[in-house]
Amino acid sequence: MDTRFDVELIFVSKRYGTTLAVDEISLRIPAASYCCLLGPSGCGKTTTLRMIAGHEAISSGDILIRGQNVSELAPVRRGTAMMFQSYALFPHLSCLDNVAFSLKMRGVGKTERHAKAREFLGLVQMADFAQRLPAQLSGGQQQRVALARALIMRPRVLLLDEPLSALDPFLRIKVREELKRLQRELGITFIHVTHSQDEAMAMADMMVVMQDGHIRQAGSPREVFERPVSPFIARFIGSHNVLNGPTGMIAVRADRCRLGEAGDGPFVTGRVTAVEYQGAMVRVAMATDPGSEAAALVPDHEFYAEPVSPGDPATLIWAERDAHVLMEA
């Protein structure tokens, strides 16, 4: 048994009638890591998560958890727990009884299961809310209770389906910090589905980008961001310009571009279409003369020293060393 990987997908496919939702994907997720499945709507990321959980039957291939083939096992026998986007808390039960519910179903006595539930409520900083009903909690608090309920079974792998999507931006940042902390402290693998590039970049040890039922690129967030393999990856991850270079298509980070004069380096000309103040940076978007779109993220002090406005002509410049040749079309 190879203990280096908590989850392995081997040529896994999922068909719904004639529709191929996931097409022979293979993936190895290292032990005790935080993995984010990322991609646009309909890319197959949630279907993949549900197949790992056993909530969707695979059409072909194999799923291994800690080296054991679980493809035919029921969800309760896989050593996984799933935290749903809706949280799915029982409205008539207190936080304590919501967290203790799975232990109750396994015949654990009331005193023991409540003690264990209090321990896990404490882990997510919700011990003071043990007797409240879900309706008496904020969305972020409900999410913490749902997380405690999932963790109380000590899963080998925790599966999270867009767990931060219902939270406001400030709370989202706080909760993602908390999730990452818990993953490190518990030493178990988290597999987290999201459509947010920022979320995946901030949380993941391993980022898996999907499109049309395929895995297009997998690696550390820095690796995927610095070296996207295709125009789709470069555009989807964001903050990249995809341009025609002397060796084919290239990607250049917007924060490595500046406005200047032709001859100062590789360049493309065009007209400014939008200016967005973002605090420390100003994003200058432009339509290039070849008919594509590009942008520069300019430090605010540089921008305001020589400001431009929509409609102004502009030349986008970058250094050759900052251009990354895309391997795929």
Quick one: does R172's side chain have a donor or acceptor within less than 3.5 Å of a partner on L164's backbone? yes
Are the side chains of S71 and I63 in touch, meaning some heavy atoms are under 4.5 Å apart? yes
Test salt bridge (Lys or Arg N to Asp or Glu O under 4.0 Å) applied to K180 and D205, step by step: CA-CA 10 Å; K180 186 62 178 175; D205 301 312; 3.0 Å; yes
Walk me through it: do L179 and L147 pass the test side chain to side chain contact (heavy atoms under 4.5 Å, CB included)? CA-CA 9 Å; L179 284 173; L147 180 61; 3.6 Å; yes
Using side chain to side chain contact (heavy atoms under 4.5 Å, CB included), reason through M51 and L9 one step at a time and then give a plain yes or no. CA-CA 10 Å; M51 286 192 291; L9 308 180; over 6 Å; no
Are any side-chain N or O atoms of E302 and backbone N or O atoms of P299, one a donor and one an acceptor, separated by less than 3.5 Å? no
CD (E306) with more than 12 external heavy atoms under 6.0 Å: no
Report yes or no: does K45 contribute a side-chain atom to a donor-acceptor pair with the main-chain N or O of P40 at less than 3.5 Å? yes
Checking the side chain of Q217 only, and the main-chain atoms of R227 only, is there a donor and an acceptor separated by less than 3.5 Å? yes
Look up atom CZ in F303 and atom CE in M281, then write down how far apart they are to the nearest 0.5 Å. 12.0 Å
Separation between CG of L259 and CG of D312, rounded to the nearest 0.5 Å: 10.0 Å
Might you point out which heavy atoms bring A295 and C257 nearest each other, and give the distance in Å? O-CB, 4.2 Å
How about S13 and E24: do any of their side-chain heavy atoms sit closer than 4.5 Å? yes
Any link between V325 and L243 through a network of hydrophobic side chains (Ile, Leu, Val, Met, Phe, Trp, Tyr) touching at under 4.5 Å? yes
Would you compute the distance between atom NE2 of H114 and atom CG of L121 and round it to the nearest 0.5 angstrom? 10.0 Å
So which atom in I250 and which in A323 form the shortest heavy-atom distance, rounded to 0.1 Å? CD1-CB, 4.0 Å
Can you find a heavy atom in the side chain of P134 that is under 4.5 Å from one in the side chain of V145? no
How would you list, by chain and number, every residue that makes a ring pair (Phe, Tyr, Trp, His ring centres under 6.0 Å) with H55, sequence neighbours excluded? F84
Do L37 and I10 land in one hydrophobic cluster if side-chain heavy atoms of ILVMFWY residues count as linked below 4.5 Å? no
Going by heavy atoms in the side chains, are V193 and T48 under 4.5 Å from each other? no
Check this for me: E72, atom CD, are more than 12 non-hydrogen atoms of other residues, nucleotides or ligands nearer than 6.0 Å? no
Whether D97 side chain and S94 backbone form a donor-acceptor pair below 3.5 Å: no
By the salt bridge (charged side-chain N to carboxylate O under 4.0 Å, His left out) test, which pairs, at least two apart or in different chains, include something from residues 100-123? K116-E119, E119-R154
Evaluate D212 against D23 for side chain to side chain contact (heavy atoms under 4.5 Å, CB included), listing each step before the verdict. CA-CA 8 Å; D212 297 333; D23 188 6; over 6 Å; no
Quick one: does Q142's side chain have a donor or acceptor within less than 3.5 Å of a partner on A88's backbone? no
Looking at E261, I'd like to know if its CD atom is crowded, meaning that more than 12 non-hydrogen atoms belonging to other residues, nucleotides or ligands lie closer than 6.0 Å. no
Could you walk me through whether K174 and L167 pass the side chain to side chain contact (heavy atoms under 4.5 Å, CB included) check? CA-CA 10 Å; K174 297 297 293 182; L167 306 180; over 6 Å; no
Of all heavy-atom pairs between A204 and P221, which one has the smallest distance, and what is that distance? O-CG, 3.2 Å
Any sub-3.5 Å donor-acceptor pair from E178's side-chain atoms to V124's backbone N or O? no
Donor-acceptor pair, side chain of R78 and main chain of V70, under 3.5 angstrom: yes
Counting heavy atoms not belonging to R181, are there more than 12 under 6.0 Å from its CZ? yes
In this structure, would M201 and V229 fall into the same cluster of hydrophobic residues linked by side-chain contacts under 4.5 Å? yes
Counting only heavy atoms from other residues, nucleotides and ligands, does the tally under 6.0 Å from CD of E320 exceed 12? no
Between E226 and H324, do the side chains contain a donor N or O and an acceptor N or O under 3.5 Å apart? no
Sub-4.5 Å side-chain heavy-atom contact between F225 and M207: no
For L171 and D168, work out which heavy atoms get closest and say how close. N-OD1, 2.9 Å
Single-linkage hydrophobic cluster I317~M286, side-chain heavy atoms < 4.5 angstrom: no
Angle class for the F101/F90 ring planes (parallel below 30°, perpendicular above 60°, tilted otherwise)? tilted
Would you say that L158 contacts Q183 through its side chain, given a criterion of any heavy-atom pair below 4.5 Å between the two side chains? no
H192 side-chain N/O to Y34 backbone N/O, donor-acceptor pair under 3.5 Å: no
Answer yes if the side chains of S196 and D198 hold a donor-acceptor pair under 3.5 Å, and no otherwise. no
Between K14 and E56, does any side-chain N to carboxylate O distance fall below 4.0 Å? yes
Can you confirm whether Y16 is buried at OH, in the sense that more than 12 heavy atoms of other residues, nucleotides or ligands lie under 6.0 Å from that atom? yes
Could you check whether D6 pairs with R66 (Lys NZ or Arg NE/NH1/NH2 to Asp/Glu carboxylate O, under 4.0 Å)? yes
List the atom of I215, the atom of S26, and the distance in Å for their closest heavy-atom pair. CD1-O, 3.8 Å
Should M249 and V242 count as side-chain neighbours, where that means a heavy-atom distance under 4.5 Å? yes
In the single-linkage hydrophobic clustering (I, L, V, M, F, W, Y; side-chain heavy atoms under 4.5 Å), do F267 and L297 co-cluster? no
Does anything in residues 285-299 form a side-chain hydrogen bond (donor to acceptor under 3.5 Å, both in side chains)? List the pairs, not counting sequence neighbours. T269-D289, T288-S292
Nearest non-hydrogen partners of A32 and G187, listed with the distance: CB-O, 3.5 Å
Between the side chain of T194 and the main-chain N/O of L38, is any donor-acceptor distance below 3.5 Å? no
Output the distance between atom CD (Q143) and atom CE (M126), rounded to the nearest 0.5 Å. 10.5 Å
Answer yes or no: are there more than 12 heavy-atom neighbours, outside F11 itself, under 6.0 Å from its atom CZ? no
Answer yes or no: is there a side-chain heavy-atom contact under 4.5 Å between L316 and V284? no
Would you give the length of the straight line joining atom OG of S33 to atom CE of M206, rounded to the nearest 0.5 angstrom? 7.5 Å
dist L137:CG -> N98:CG (nearest 0.5 Å) comes out at 9.5 Å
